[in-house]
Asker: 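The following block contains the structure, expressed as structure tokens.
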Amino acid sequence: MTAMTPDQLTQQVISAYAGAPEPRLRELLAALIRHLHAFAVETQLTPQEWMAGIEFLTATGQKCDAERQEFILLSDVLGLSSLVDLVNAADGATESTVLGPFYVPGAPVREMGEQIGRPEDGEATLIRGHVTDRDGKPLNGATLDIWQSASNGLYDTQDPQQPPFNLRGVFVTGPDGAYEFRTVRPVSYPIPTDGPVGGLLASAGRHQWRAAHVHAIVSAPGHRSVTTHIFDADNPYLDSDTVFGVKDSLVRQFRPAGPHDPADVSYVADMDFVLAGQQ
Ligand SMILES: [Fe+2]
């Protein structure tokens, strides 16, 4: 009798799941098993390494709570989050990028132009632009759900000194599709490194810094929403963002405010968003 080969085992496992009645689940499971098995064969994974992997994933789960999502962070630093964005991108629409672990639904709806933070949160900045469809037609009733960290690099959920929903807000466009809001100039911040993902970065000799950015989820009735960032063109981490989130089309100058800009801001950035229609 000849010994079972890795390929025979892989086929046996795939066959065991081939009866899943839901076609998409069947497809996902077969591909997952195929690639997981190929990984073990290619690397000749040892039992000790398998156990180290189990312990790492266990610790990742145990680090998660209502406000800390270590698994999203893991997906981010492995580039999986960015890859999922890429394979789901709509041609001609604003490019998307990672959601990240700090999004909180339910931010307050604010008046157009309102300041979403406090004076002590950083350098006053105006961000403005238009939301249009792919033909350049302004989108009425588009919503921009905005969030970012303060200049100490912390989001409200990480910083007891900030009130809930500080530096967060939802803005709704009128018929001209225009939006504007006041915030602070974004800064680089380290992703949380006190969990297993921090250990992974340290083992790999990678830094933990994100390129400075403002988050936005832009949506409009009848259109595909885009989860994206506005990046600061002057930031030193654009080429080495720890979660692979930077796309050239999302980088903007945060220029010093001039005589024609509102007197209460130090910087101005212009960013238009383009949404694709629903298929
Ligand atoms: Fe962020």
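Counting starts at 1 for both ligands and their atoms, in listed order. We number each residue from 1, following the sequence as shown. Please read all numbers here as calculations on a predicted model, not as lab measurements.
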Asker: Go through the steps to decide whether R224 and L275 satisfy the test side chain to side chain contact (heavy atoms under 4.5 Å, CB included), and finish with yes or no.
Answerer: CA-CA 6 Å; R224 288 175 62 178; L275 300 185; over 6 Å; no
Asker: Hey, do the aromatic rings of Y179 and F171 have their centres closer than 6.0 Å?
Answerer: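 Between F171 and Y179, which both carry aromatic rings, the centre distance is not below 6.0 Å.
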Asker: Looking at Y189 versus W209, is the centre-to-centre ring distance below 6.0 Å?
Answerer: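 No, too far apart.
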Asker: At the Fe ion (ligand 1), what's the angle from Y189 OH to H213 NE2, rounded to 10 degrees?
Answerer: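 Taking the Fe ion (ligand 1) as the apex, I get 100° for this pair.
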Asker: How many degrees, to 10°, between H215 NE2 and Y155 OH as seen from the Fe ion (ligand 1)?
Answerer: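 Value returned, to the nearest 10°, is 90°.
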Asker: Would one find an N, O or S atom of S149, in either backbone or side chain, under 2.8 Å from the Fe ion (ligand 1)?
Answerer: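 Given the 2.8 Å cut-off, S149 does not count as a ligand of the Fe ion (ligand 1).
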Asker: Please confirm whether H130 and F273 have ring centers closer than 6.0 angstrom.
Answerer: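 No, the ring centres sit 6.0 Å or more apart.
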